[in-house]
Every structure is written in C-alpha cells, then in structure tokens.
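Reviewing the structure listed below.
Chain naming here is simple, since letters A, B, ... match the order of the sequence lines and numbering starts at 1 in each. Computed over heavy atoms, backbone and side chain alike; hydrogens, waters and symmetry mates excluded.
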Number of protein chains: 2
Amino acid sequence: MELDRLDTQILNILQDDAGVPLRTLAGMVHASVATCQRRIAQLRASGILIKDVALVDRVRVGRPLTAFVSVVLDQQNTALLKMFESLMRAEEDVMACYEVAGEFDFMLVVTAASMESYHEFTRRVFTSNNNVRNYKSLFAMNCAKFETRVPLG
Amino acid sequence: MELDRLDTQILNILQDDAGVPLRTLAGMVHASVATCQRRIAQLRASGILIKDVALVDRVRVGRPLTAFVSVVLDQQNTALLKMFESLMRAEEDVMACYEVAGEFDFMLVVTAASMESYHEFTRRVFTSNNNVRNYKSLFAMNCAKFETRVPLG
DNA sequence: TATGAAACCTGATATCT
DNA sequence: AGATATCAGGTTTCATA
C-alpha cells in the first residue's frame, strides 16, 4: 500500500492523539469526514495502523525501573534465536526485544517495580538453559524523552 | 494518587486498546459506565494516563531503521546535561532518550528512513559543539517485540 | 462521597447522490 | 468524494446508599 500526502497527515495526527474527533481531523487535513474515515479504515486493514493504546506514567504506576539489557547467546542457530524471541515475548516485563548487529545478539528494554524484582527476573530468565551466554544491564536514571510517534512525510 | 484494583484493571485494558467503548469496559471490570468514566477522568487529570496514541508499523511507513545509541558526553555538569536532553527532545528521529548509570551518559533509540539519513543525523547532532565526546550505534536487524503496555496489579 | 441509572446530545457509520 | 440519516456511544444530571 502506497501512502499519499493525506495518509501521512492523518497518521501524523493520530500518532499524537488517537482520540481526535473525525470532524476535527477532517478540518485539519482539509478533507471530508467520510474520506478521513475511509482512509483510516484502509490504514487499519492494511496493518499500517496497528492499534490505539493508552500511555501511562510508568513511575507513577509503580514501575520506576527501566533497564537496557544487551544479551549474548551461546549458540545462534535459527531455532535457538526464535526460541529466545518467544521467551521474551512471553515475559511481560520485557517492553522491547530487538535482534541487533554487532557485539551483542539482542537488545532488550525491561521495566520492573524494583531492583529486587529485576534481579529475580534476570536470575529466572537469563540462564544457560535459555541459551544465554551473558548479559549486561544499563539502568535508566531519568527518562528525558519517550515517544511512540514516528515522523512522516 | 493511590490506585485501587478498579483503576489498575481499567489501565490494563486501556493500555491494550484505548478505543474500548465505555459500556464494554464497564462490563469487563464489573462497574457502571459512569464510574469507569469518572475513574478515567481522574487518571487523566492526575497525569497517570498520559494520552491515547495510534501505533504505526514503522517499517511499512518508511522508517525501517532503528538504532540503539550509547552516548558519552564531554562534560557532565547539570546545565550541559539539560542542554543535551532538550536537544534530543527537539530531534524527531529520537524516539527515546534516557540518562543512564554506568559506562555511558545517555542511551537513545533512534529511527531513520535509511542509513544515509541516519548518517546525516549523527554528523549533525553528535558533535563536540553539542558536548558529545563519543557515541556508539547498535543497529536493529529485527524487532521481535515492541510493547507500550506495562503490567499492573 | 462515590455509585448506578437514565436522559441527552455529540460523533461515528452507512447509504445515497 | 461529499452530504445526509441513522444509530451507537460519550456526557451530564439526578437519585441513592
């Protein structure tokens, strides 16, 4: 699916506020309500618009700890890589899991309620049983920016 | 503000789908529409619920490149740290910027349309003028998981 | 003081031109 | 693609415990 200027405008707005009324959106992009509605439906159907989510303040909600974790696996064959990935997908403390190029195999973003629970997490998950050779944690002291928005157009 | 069981239930649901109708939500948490609406309003007012956003497929939308960037500054006094942070906030390619403990000063998550534009970004932003001593990029080859949801309760 | 029920009114959806 | 009609859903008010 090819995105035209109207699509990218709509996506830019919706990435900032998923709750904009269609009338308002239509006004902002200089199109009709019906057109906007159709475009959004298409973008959803094609999988470009994934879903609408509510963002919460992680500190206020009792999850003050964020860690960037670099992981090196013992063996890197496809089956074991896939196994590690599904393990990470199943762990709800793991916010993000990327396979990376370079000195590590994976880069994770992990949240926790406390250092104790993070410690428990690492002991439980980063084991040789799970094919993990070693891992390194980098702890966030302060979040200066967190955006889900990707700039378009 | 203290979160009770109803609040955490509501937050858990809204983090997965910000567009759930109030009636449906009310049914799921066994409360009335009015109560759910009130709780959501309070959560918004208190800043725990930050906002509702649409998530897009970054690859499909022309932003296939994601990099984790570790940054070491030249000097670390408060003013210069703050300066670097506001610089990052102003850069729309920077999705996340965390001040971290350990061998680096900052950890960034950066998206780009291509390696060329990423290169251009680094040349423009990671300069000694901006107090950057050195930086290291770790490129994502594949995203196995990306969640905005933090588990509650 | 917080809740649930119901009226009301705004906005999303579908159809037609 | 734009306009209109219909209907679902959000908002407000009121009664209640």
Whole Å only: how far is the [atom1] atom of [X] from the [atom2] atom of [N]?
X: A/Asp7; N: D/dA1; atom1: CG; atom2: P; result: 10 Å
X: B/Arg23; N: C/dA5; atom1: CZ; atom2: P; result: 12 Å
X: A/Leu25; N: C/dG11; atom1: CG; atom2: C1'; result: 13 Å
X: A/His30; N: D/dG2; atom1: NE2; atom2: C1'; result: 17 Å
X: B/Ile10; N: C/dT3; atom1: CD1; atom2: C1'; result: 13 Å
X: A/Ile40; N: D/dA1; atom1: CD1; atom2: C1'; result: 16 Å

Measure from the side chain of [X], starting at C-beta and using heavy atoms only, and say which of [options] lies closest.
X: B/Arg38; options: C/dT13, C/dT3, D/dG2; result: C/dT3
X: B/Arg39; options: D/dG10, D/dT11, C/dT3; result: C/dT3
X: B/Leu22; options: D/dT11, C/dT13, D/dA1; result: D/dT11
X: B/Gln37; options: C/dA12, C/dG4, D/dT11; result: D/dT11
X: B/Ala34; options: D/dG2, C/dA5, D/dG10; result: C/dA5

Following the transitive rule for hydrophobic clusters with a side-chain heavy-atom cut-off under 4.5 Å over Ile, Leu, Val, Met, Phe, Trp and Tyr, establish whether B/Met115 and B/Val125 coincide in one cluster.
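Yes, B/Met115 connects to B/Val125 through the hydrophobic network.
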
Thinking salt bridges, do B/Lys51 and A/Asp17 make one under a 4.0 Å N-O criterion?
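Looking at B/Lys51 and A/Asp17, the cut-off is not met.
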
Counting only side-chain N and O atoms of A/Thr35, is one of them less than 4.0 Å from OP1 or OP2 of D/dG2?
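Result: yes.
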
Stepwise, does the salt bridge (Lys or Arg N to Asp or Glu O under 4.0 Å) test hold for A/Glu103 with A/Lys136?
CA-CA 12 Å; A/Glu103 51 181 320; A/Lys136 205 161 62 175; 5.6 Å; no

Pairwise distance SG(A/Cys36) to NE2(A/His30) - rounded to 0.5 angstrom
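It is 11.0 Å, given to the nearest 0.5 Å.
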
